[in-house]
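The structure appears below as structure tokens.
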Amino acid sequence: VIQVFLCALDFCIDRDVLLRELAPEERQRAQRFRRSRDRDRWVASRLFLRRCLANALATTPDKITLLTGINGKPHLTGTCGAPALRFNLSHSGSRAILALSDAAEVGIDIEFARHFPDMLRVANRVFTAGERAQLGNSANPDFARRFYQVWTCKEAVIKATGEGMAADLQAIEIDLQDDGQPRLIRYDGIPGELHLQQLLAGDGYVAALASQATARTMTPVKVTKLEPASI
Ligand SMILES: CC(C)(COP(=O)(O)OP(=O)(O)OC[C@H]1O[C@@H](n2cnc3c(N)ncnc32)[C@H](O)[C@@H]1OP(=O)(O)O)[C@@H](O)C(=O)NCCC(=O)NCCS
């Protein structure tokens, strides 16, 4: 089963909560942010992550030990090497989104779909010719939405495999398809199959989920919005 939770990050955090629920290295990382808004949002995303994991594992946030893989993918400890719960987190602007899975590896990405002047240049660098063809003309109002749909799908893929920055983005090809359900049509050297789903994030955000679940187990995943008070 895959669950996806979405949370708005602009909420007040009590200093006691921060001391109680975050690990010392997280509190140190929080101090390295230059802008207080970025720091507060990052701290909120960590609390959101820890509380959701704790809830799923019937424990408390301070008991969650987060380990980091070779390319930086965080994971939980597990018995016999395999964690009982897999997860992936993404944050952008004032939103964080989290995928939890009891079986397959997952990768998730959220982006605020803002238009920026260099979009075409960035698309030429990170998208394949096939992907660029799906974006249409840069003057078209759909260009930015499609740009972020391809972007979030590609990010979700490299986050599911855990490669992150080490991935060759040109080796991955996404087909947005007309029915709104994107498909991974090429990923050179990928282990196993990956399934993609565009998620409804609202408020100008675009999000995608990639999962190593088989087609049979990959039923459409609904996004559960959590209010800060309920996390
Ligand atoms: C981690 C990465 C994959 C995504 O970063 P991002 O989009 O800036 O940030 P997101 O909020 O979506 O994800 C960050 C979270 O992913 C997780 N993460 C970190 N490394 C990861 C990895 N290798 N695999 C999966 N998840 C990872 C962490 O939980 C991290 O949260 P934290 O920063 O609070 O610790 C990073 O490698 C990156 O910046 N890649 C950019 C590659 C690129 O150029 N993409 C173009 C789009 S096609």
Side-chain angles (χ1 to χ4, degrees), residues 4-7 9 22-23 25-33 38-50 52-53 64-76 83 85-101 104-114 116 118-132 134-135 144 146-174 176 182 184 186-187 190-191 194 196 199 201 205-212:
V4 172
F5 298 101
L6 178 73
C7 185
L9 295 174
L22 292 194
E25 58 274 18
E26 288 171 324
R27 294 202 295 270
Q28 279 166 15
R29 187 172 160 188
Q31 281 169 4
R32 291 201 289 271
F33 283 86
D38 293 343
R39 179 199 57 219
D40 293 348
R41 284 177 171 175
W42 183 79
V43 165
S45 78
R46 274 300 158 123
L47 289 178
F48 165 61
L49 169 66
R50 284 185 168 271
C52 288
L53 291 175
I64 300 290
T65 304
L66 296 172
L67 303 174
T68 304
I70 303 167
N71 292 308
K73 182 166 182 169
H75 60 94
L76 294 162
L85 186 66
R86 293 159 206 269
F87 70 92
N88 197 233
L89 174 79
S90 177
H91 37 78
S92 172
S94 65
R95 296 287 184 281
I97 196 161
L98 172 70
L100 296 183
S101 164
E105 260 323 322
V106 279
I108 198 159
D109 190 53
I110 187 166
E111 301 289 341
F112 182 62
R114 72 182 170 93
F116 62 93
D118 269 0
M119 276 181 119
L120 207 52
R121 197 180 53 79
V122 173
N124 284 335
R125 187 173 53 84
V126 297
F127 294 169
T128 64
E131 290 167 340
R132 289 198 302 271
Q134 298 173 62
L135 302 181
R146 294 190 144 253
F147 175 97
Y148 283 103
Q149 284 176 333
V150 174
W151 180 285
T152 52
C153 283
K154 268 169 116 84
E155 283 276 342
V157 166
I158 63 175
K159 294 183 75 185
T161 63
E163 288 165 291
M165 300 270 257
D168 173 8
L169 294 169
Q170 294 286 339
I172 302 168
E173 182 141 350
I174 308 292
L176 290 180
L184 176 64
R186 182 173 68 85
Y187 191 177
I190 192 175
L194 269 179
L196 286 170
L199 302 169
Y205 287 85
V206 170
L209 170 75
S211 148
Q212 282 179 336

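Atoms within each ligand, like the ligands themselves, are counted from 1 in listed order.
When each atom of ligand 1 is checked for a heavy atom of Gly164 under 4.0 Å away, the hits are 3 (C), 23 (N), 37 (O). Taking every heavy atom of Ser90 and a limit of under 4.0 angstrom, the matching atoms of ligand 1 come to 10 (P), 11 (O), 12 (O). Heavy-atom contacts of Asp109 reach the following atoms of ligand 1: 7 (O), 12 (O) (cutoff under 4.0 Å). Atoms of ligand 1 found under 4.0 Å from any heavy atom of Lys154 (numbered from 1 in listed order, with element): 48 (S). Of all atoms in ligand 1, numbered sequentially from 1 with element shown, those under 4.0 Å from a heavy atom of Trp151 are 46 (C), 47 (C). When each atom of ligand 1 is checked for a heavy atom of Trp42 under 4.0 Å away, the hits are 32 (P), 34 (O).
There is a protein heavy atom closer than 4.0 angstrom to atom 39 (O) of ligand 1. Inside a 4.0 Å radius of atom 30 (C) of ligand 1 there is not any protein heavy atom.
Heavy-atom separations between Ser45 and ligand 1 are all 4.0 Å or longer. Using 4.0 Å as the threshold, Gly107 has no heavy atom nearer than that to any atom of ligand 1.
Of the protein's non-hydrogen atoms, Lys73 CB, 3.4 Å is the one closest to atom 24 (N) of ligand 1. At the top of the distance list for atom 17 (C) of ligand 1, counting protein heavy atoms only, stands Pro74 CD, 3.6 Å. In this structure, atom 1 (C) of ligand 1 lies nearest to the protein heavy atom Lys159 CE, 4.6 Å.
For ligand 1, one of its N or O atoms has an N or O atom of Glu155 under 3.5 Å away. Taking any N or O of Gly162, backbone or side chain, at least one lies under 3.5 Å from an N or O belonging to ligand 1.
Between Phe127 and Phe147, the gap from one ring centroid to the other is short of 6.0 Å.
A heavy-atom distance below 4.5 Å is found between the side chains of Ile158 and Leu169.
Looking at Arg29, Gln170, Glu105 and measuring to atom 32 (P) of ligand 1, the nearest heavy atom belongs to Arg29.
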